[in-house]
A.B. asks: 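Here it is, the structure, as structure tokens.
Below, read A as the first sequence line, B as the second, and so on, with proteins coming before strands; counting in each chain starts at 1.
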2 protein chains.
Amino acid sequence: MEALVKVLKNHKCKITPQRLAVYHVLRNNKDHPNAEAIFKMLEPNYPTISLATVYKSLELFAELGLIQAINLGENSFRYDPNPKVHPHVICSKCNKVEDLPEEYFDDLKAVVAKLVNYKVTKQHLTFYGICSDCNTN
Amino acid sequence: MEALVKVLKNHKCKITPQRLAVYHVLRNNKDHPNAEAIFKMLEPNYPTISLATVYKSLELFAELGLIQAINLGENSFRYDPNPKVHPHVICSKCNKVEDLPEEYFDDLKAVVAKLVNYKVTKQHLTFYGICSDCNTN
DNA sequence: ATACGTGCAAAGAATTTGCAGCGAC
DNA sequence: GTCGCTGCAAATTCTTTGCACGTAT
């Protein structure tokens with residue numbers, strides 16, 4: 001609840017019901033929703049909120065390092081309440097996105113740096129497969 | 001030159017100057033261009049070609065397994081003359097995209113499968129950094 | 001000769017922007 | 001009271017589609 005308020009205050013951004021709502025919906029959701037999905041989740045309680053406001057809020061939070069926008073090769077961005085870049089697995093059947101711990105993949109940057117002589121700063125790792133739920137059904 | 005002609009014939013698709021041109025421009029380019037860039041490269045020699053034709057050709061080639069569309073989190077798709085999914089490094093300064101050999105990253109699927117109990121089928125690995133050219137300048 | 005492909009312009013989808021009025025400070 | 005924020009609608013950007021005409025087979 002309160003990291004958001006603190007950070008907004010520090011940056012002299014107003015604390016509005018819409019911003020609180022967008023942040024909390026994302027926080028309490030494990031699916032890595034896109035802007036449209038967040039908008040739909042908010043509509044029942046905030047019938048006048050607009051999609052533009054959702055986008056503006058998400059953009060602000062990403063700038064402030066509170067969340068991150070992720071691109072999984074779909075047509076729209078998904079949003080992740082964890083601002084740290086980390087690997088994801090996406091189920092090709094139900095489209096659920098799960099997080100993976102970074103530490104298993106830390107040595108890859110060095111492998112790449114050696115292969116191509118780049119100063120590697122970031123890695124985006126996305127795995128696709130069938131989750132255990134979808135696999136048994 | 002000729003894998004294209006053979007595959008088009010096999011699928012009873014017409015061999016048009018536009019299709020040949022789109023394919024060759026992509027083949028002879030190392031930057032992993034997007035549709036707009038391909039269109040611009042073609043314009044001098046094909047002043048009447050349209051962007052829609054470029055898109056339609058690229059879509060056809062991708063369906064036929066001749067090339068692949070890749071999404072690196074930018075606003076537009078890039079196209080890769082290599083149809084096999086493989087890792088990429090992108091230079092954050094000059095936006096050049098280079099290929100990486102898959103074999104160094106083959107064991108990752110098993111790591112993920114163990115971590116989350118997915119049947120992992122595909123991995124999209126993209127690394128970001130500064131290339132040696134940009135680093136020295 | 002007969003589809004199929006081209007190229008224009010218009011449609012679509014996701015996201016961004018302009019701006020008048022409102023509300024947090 | 002001020003100025004940033006909201007929410008509407010319009011603009012933008014990338015991509016796709018519809019359709020009349022041209023062209024590869």
A.B. asks: Among D:dA24, D:dC8, C:dG7, which nucleotide sits nearest the side chain of B:P17?
C.D. replies: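 The closest nucleotide is D:dA24.
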A.B. asks: Roughly how many Å is it from CD in A:E59 to P in D:dC5, rounded to a whole number?
C.D. replies: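 Taking atom P of D:dC5 as the reference, CD of A:E59 is at 12 Å.
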A.B. asks: Atom CG of A:L58 to atom P of C:dT17: distance rounded to whole Å?
C.D. replies: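 Checked: the CG to P distance equals 15 Å.
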A.B. asks: Measure from the side chain of A:T48, starting at C-beta and using heavy atoms only, and say which of D:dG7, C:dC8, C:dA3 lies closest.
C.D. replies: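 Nearest listed nucleotide: D:dG7.
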A.B. asks: Below the 4.0 Å mark, does C:dA13 have OP1 or OP2 next to a side-chain nitrogen or oxygen of A:N75?
C.D. replies: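 No, outside the criterion.
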A.B. asks: When you get a sec, tell me which of D:dT6, D:dT15, C:dC8 is the closest nucleotide to the side chain of B:A35?
C.D. replies: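 The listed nucleotide nearest to B:A35's side chain is D:dT15.
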A.B. asks: Can you measure from CG (A:L64) to CG (A:L8) and round to the nearest 0.5 angstrom?
C.D. replies: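 If we round to the nearest 0.5 Å, A:L64:CG and A:L8:CG are 6.5 Å apart.
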A.B. asks: Tell me what B:K56 touches on the nucleic acid: a base, only sugar-phosphate, or nothing, going by heavy atoms under 4.0 Å.
C.D. replies: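 Here B:K56 touches the bases of the nucleic acid.
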A.B. asks: Quick check on B:F105: does its CZ atom have over 12 non-hydrogen neighbours (other residues, nucleotides or ligands) under 6.0 Å away?
C.D. replies: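 Yes, the 6.0 Å shell around CZ holds more than 12 heavy atoms from other groups.
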A.B. asks: In whole angstroms, how far is the P atom of C:dA24 from the CG atom of A:L20?
C.D. replies: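 After rounding, the gap between these two atoms is 11 Å.
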A.B. asks: Does a nitrogen or oxygen in the side chain of B:Q18 sit under 4.0 Å from OP1 or OP2 of C:dG7?
C.D. replies: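 So the side-chain polar atoms of B:Q18 do come within 4.0 Å of the phosphate oxygens OP1 or OP2 of C:dG7, strictly under.
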A.B. asks: Closest nucleotide of DNA chain D for B:T16 versus for B:Y79: which of these residues is on the 5' side?
C.D. replies: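 Nearest-nucleotide comparison on DNA chain D picks B:Y79.
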A.B. asks: Quickly work out the A:I38 CD1 to C:dT15 C1' distance and round it to whole Å.
C.D. replies: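 The distance from CD1 of A:I38 to C1' of C:dT15 comes to 14 Å, rounded to the nearest Å.
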A.B. asks: When the distance from NE2 of B:H11 to C1' of C:dC4 is rounded to whole Å, what number comes out?
C.D. replies: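 Answer to the nearest Å: 16 Å.
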A.B. asks: Go through the side-chain N and O atoms of A:N71 and A:H124 and say whether any donor and acceptor fall under 3.5 Å apart.
C.D. replies: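 Their side chains do not contain a donor-acceptor pair, so the 3.5 Å distance test is not met.
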A.B. asks: Rounded to the nearest angstrom, tell me the gap between atom CD in A:E36 and atom P in C:dT16.
C.D. replies: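 Roughly 14 Å, once rounded to whole Å.
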A.B. asks: A:H32 and A:D99: side chain to side chain donor-acceptor pair (under 3.5 Å), yes or no, with the steps?
C.D. replies: CA-CA 10 Å; A:H32 298 68; A:D99 299 317; 2.9 Å; yes
A.B. asks: How long is the line joining CD of A:E63 and P of D:dG4, in whole Å?
C.D. replies: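 After rounding, the gap between these two atoms is 15 Å.
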A.B. asks: Distance check needed: D:dA24 P versus B:K14 NZ, whole Å only.
C.D. replies: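 It works out to 9 Å between those atoms.
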A.B. asks: Can you tell which of D:dC5, D:dA24, D:dT17 lies closest to the side chain of A:R19?
C.D. replies: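 Shortest atom-to-atom distance from the side chain points to D:dC5.
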A.B. asks: Are A:Y23 and A:F61, when compared by the centres of their aromatic rings, separated by less than 6.0 Å?
C.D. replies: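 Aromatic pair counts; centres sit under 6.0 Å.
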A.B. asks: For a quick check of understanding: with a heavy-atom distance under 4.0 Å over all strands, which category does A:T53 fall into, base, sugar-phosphate or nothing?
C.D. replies: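 Counting heavy atoms under 4.0 Å across all strands, the contact made by A:T53 includes a base.
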A.B. asks: State which of C:dT6, D:dC5, D:dT15 makes the closest approach to the side chain of B:Y55.
C.D. replies: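 Output: D:dT15.
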